[in-house]
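Reading through the structure tokens given below for one structure.
Note that the coordinates shown come from a computational prediction; the quantities given were computed from them, not determined experimentally. Position 1 is the first residue of the sequence; numbering continues from there. Counting convention: from 1, in listed order, for ligands and their atoms alike.
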Amino acid sequence: MTPFTAEPEPLAMRRCIGRFLTGVAVVTADDGQEQAGMTINSLTSISLDPPIVMISLNFDTRTGDAIETSDRYALSILSSKQEAVARQFASRGGERFADGSFDTTPSGLPVIRDALSQLDCRVVEKHTIGDHRVFFGQVEHCRDRDGSGLSFNAGRFGAFKDFGHEPVRGTREDMR
Ligand SMILES: Cc1cc2nc3c(=O)[nH]c(=O)nc-3n(C[C@H](O)[C@H](O)[C@H](O)COP(=O)(O)O)c2cc1C
């Protein structure tokens, strides 16, 4: 364990918080001129009824600008077979929608085909906090499939592997 760092710089903060293992999603938006999309792991489920999710995007992202303009976004929760998609949508520059297969949400946004879940969201609240913009989205449509999720931990991608124990009560598996 390292010593405690007081008032951590971005690098120390990224290293410490990056040890929180997350899933990986792609958020997509359209400002009416062009499609934008980026890889995120800041996706959090906020409320089930009404269904609200939250994402946090760095201030200088094109996708954040497109969401600001359109007040809509779509989410694709990636499977463990989609590391290449996660890398493609995190790269600076380059045409992100050139290769790959996409579906379209009921609101008309592109989503990643073969993702584990696809959600169509309307922004209901937004905040600027620190160097990020936080968008709360009401989920208007969603669908999913079975499969193992892509994981991200300490800067590396991996796959979630369960212990084979009983599902936890109150989880999605339990509600089937
Ligand atoms: C696994 C992973 C998770 C990421 N999560 C976020 C995130 O939650 N918020 C964010 O602003 N950037 C995140 N990024 C970085 C963006 O994907 C990256 O900066 C992207 O190029 C921004 O695209 P844009 O400016 O074209 O919209 C993440 C990158 C990776 C690889």
Side-chain angles (χ1 to χ4, degrees), residues 8-47 52-100 102 105 107-139 142 147-161:
E9 298 290 318
L11 219 61
M13 175 64 180
R14 179 183 287 199
R15 213 180 51 240
C16 289
I17 207 69
R19 297 193 186 277
F20 184 59
L21 186 147
T22 66
V24 183
V26 167
V27 56
T28 41
D30 191 332
D31 64 2
Q33 308 286 324
E34 59 176 355
Q35 296 173 333
M38 63 187 270
T39 299
I40 57 164
N41 66 347
S42 57
L43 169 62
T44 306
S45 169
I46 298 294
S47 163
I52 309 276
V53 293
M54 190 201 85
I55 60 173
S56 177
L57 306 189
N58 199 295
F59 221 85
D60 65 3
T61 58
R62 287 169 295 167
T63 312
D65 293 341
I67 297 173
E68 189 79 56
T69 305
S70 62
D71 273 340
R72 297 203 71 91
Y73 60 88
L75 295 164
S76 305
I77 296 179
L78 300 184
S79 85
S80 56
K81 297 177 182 154
Q82 295 178 311
E83 175 184 358
V85 177
R87 288 185 184 273
Q88 181 184 338
F89 276 85
S91 61
R92 274 274 161 206
E95 177 42 69
R96 291 178 183 174
F97 294 91
D99 355 299
F102 300 93
T105 65
S107 80
L109 288 174
V111 276
I112 310 293
R113 185 163 297 165
D114 299 329
L116 295 183
S117 305
Q118 299 170 338
L119 301 88
D120 209 4
C121 308
R122 180 173 51 84
V123 174
V124 288
E125 237 181 276
K126 49 192 171 190
H127 298 286
T128 299
I129 299 181
D131 56 8
H132 275 58
R133 284 185 285 204
V134 174
F135 297 101
F136 293 88
Q138 176 136 1
V139 180
C142 64
S148 158
L150 183 63
S151 306
F152 191 67
N153 188 222
R156 290 168 183 272
F157 291 104
F160 171 75
K161 192 168 177 306

Element-labelled atoms of ligand 1 that are located less than 4.0 Å from some non-hydrogen atom of Arg96: 20 (C), 21 (O), 23 (O), 24 (P), 26 (O)
Side chains of Asp120 and Thr105, donor plus acceptor under 3.5 Å: yes
Distance-only N or O hit between ligand 1 and Ala86, under 3.5 Å: no
Atoms in ligand 1 flagged as close to Leu57, the criterion being non-hydrogen separation under 4.0 Å: 11 (O)
From Gln138 atom CD to Ser47 atom OG, the distance as rounded to the nearest 0.5 Å: 8.5 Å
Residue Phe152 vicinity, atoms of ligand 1 by number, heavy atom under 4.0 Å: 1 (C)
Heavy-atom side-chain contact between Asp114 and Lys81 under 4.5 Å: no
Atoms in ligand 1 flagged as close to Ala90, the criterion being non-hydrogen separation under 4.0 Å: 17 (O), 18 (C), 20 (C), 21 (O), 31 (C)
Distance filter under 4.0 Å to Ser56 heavy atoms, resulting ligand 1 atoms: 7 (C), 8 (O), 9 (N), 10 (C), 11 (O)
Among Thr63, Val24, Thr39, closest by any non-hydrogen atom to atom 30 (C) of ligand 1: Thr39
Working for side-chain contact (heavy atoms from CB on, under 4.5 Å), residues Thr28 and Phe97: CA-CA 10 Å; Thr28 41; Phe97 294 91; 3.9 Å; yes
N/O separation below 3.5 Å, Ser42 to ligand 1: yes
Derivation and outcome, side-chain contact (heavy atoms from CB on, under 4.5 Å), residues Ser117 and Leu119: CA-CA 7 Å; Ser117 305; Leu119 301 88; 4.0 Å; yes
Verdict with supporting geometry, Tyr73 and Val53, side-chain contact (heavy atoms from CB on, under 4.5 Å): CA-CA 11 Å; Tyr73 60 88; Val53 293; 3.6 Å; yes
Spatial distance of atom CG (Leu75) from atom CD1 (Ile55) [nearest 0.5 Å]: 6.0 Å
Asn58: numbered ligand 1 atoms lying under 4.0 Å from its heavy atoms: 10 (C), 11 (O)
Pick from Arg62, Met38, Arg87: the one approaching atom 26 (O) of ligand 1 most closely through a non-hydrogen atom: Arg62
Residues, nucleotides or ligands: over 12 heavy atoms within 6.0 Å of Glu9 CD: no
Per-atom contacts of ligand 1 with Arg92, taking only distances under 4.0 Å to non-hydrogen atoms: 25 (O)
